[in-house]
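For reference, the structure is listed below as structure tokens.
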Amino acid sequence: MATKTISLDEEAYERLKARKREGESFSEVVKRIAGEQSWAEIAGILSEDEADDLEAIIEDGRERSRNRRNRLADDLRGEE
């Protein structure tokens with residue numbers, strides 16, 4: 001495979017290094033990061049109904065999480 005040499009300033013290098021995972025090459029980091037999608041790229045991919053359904057699912061999960069947190073808090077207060 002052919003290679004290219006690039007120059008990075010210190011800040012860019014440090015940012016890239018911070019995103020590097022154990023055992024991952026810098027080429028792999030760049031490919032992984034370059035393949036990420038921004039919110040602007042995925043905006044509008046859901047229909048209005050799909051967005052409403054997803055929002056309801058998320059809110060249901062949040063409600064269950066709040067209830068679980070409150071039960072745990074009540075249990076901890078009961079142990080005091």
Side-chain angles (χ1 to χ4, degrees):
M1 175 188 287
T3 61
K4 298 283 183 182
T5 301
I6 63 171
S7 296
L8 301 172
D9 63 29
E10 281 293 318
E11 181 184 358
Y13 172 79
E14 290 301 324
R15 287 184 183 193
L16 189 61
K17 183 179 170 185
R19 302 281 301 264
K20 190 173 178 294
R21 297 174 180 162
E22 186 176 336
E24 189 175 41
S25 71
F26 278 100
S27 290
E28 291 167 330
V29 176
V30 171
K31 290 175 191 174
R32 178 171 47 83
I33 293 171
E36 292 178 354
Q37 291 182 320
S38 72
W39 287 111
E41 292 174 308
I42 61 173
I45 64 171
L46 297 178
S47 71
E48 190 71 31
D49 288 340
E50 290 170 325
D52 290 343
D53 290 345
L54 182 57
E55 187 175 10
I57 290 167
I58 290 169
E59 185 52 43
D60 181 58
R62 288 177 176 162
E63 181 66 26
R64 284 184 284 122
S65 182
R66 279 191 291 272
N67 291 340
R68 185 171 45 249
R69 183 187 63 226
N70 290 338
R71 282 193 313 271
L72 289 170
D74 289 345
D75 289 348
L76 288 173
R77 279 192 288 272
E79 293 177 4
E80 294 175 358

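These values consider heavy atoms only, across backbone and side chains, with no hydrogens, waters or symmetry-generated copies.
For the atom pair CD of E59 and OG of S65, the computed distance is 10.5 Å after rounding to the nearest 0.5 Å. Atom CZ of R64 sits about 14.0 Å away from atom CZ of R69, to the nearest 0.5 Å. Note that NZ of K20 and CD1 of I33 are 11.5 Å apart. Values are rounded to the nearest 0.5 Å. Note: S47 OG to D53 CG = 7.5 Å, rounded to the nearest 0.5 Å. Once rounded to the nearest 0.5 Å, the distance linking CG of L8 with CZ of R15 reads 12.0 Å.
Of the candidates R32, K31, R19, R32 is the only one forming a side chain to side chain contact (heavy atoms under 4.5 Å, CB included) with E24.
For CZ of R62, the number of neighbouring non-hydrogen atoms (other residues, nucleotides, ligands) closer than 6.0 Å is 12 at most. A 6.0 Å sphere centred on CD of E55 holds no more than 12 heavy atoms belonging to other residues, nucleotides or ligands.
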#### Entry: Test log, rule salt bridge (charged side-chain N to carboxylate O under 4.0 Å, His left out), inputs R77 and D74
CA-CA 5 Å; R77 279 192 288 272; D74 289 345; 2.5 Å; yes
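Using a distance-only test at 3.5 Å, with no hydrogens or angles considered, no donor-acceptor pair links the side chain of E63 to the main chain of D60. In terms of modelled atom types and a separation under 3.5 Å, the side chain of E14 and the main chain of E11 share no donor-acceptor contact.
Linking ILVMFWY residues whenever their side-chain heavy atoms come closer than 4.5 Å, directly or via other members, leaves I42 and I57 in distinct clusters.
Across every non-hydrogen atom of F26 and L16, the tightest pair is CD2-CD2, 3.6 Å.
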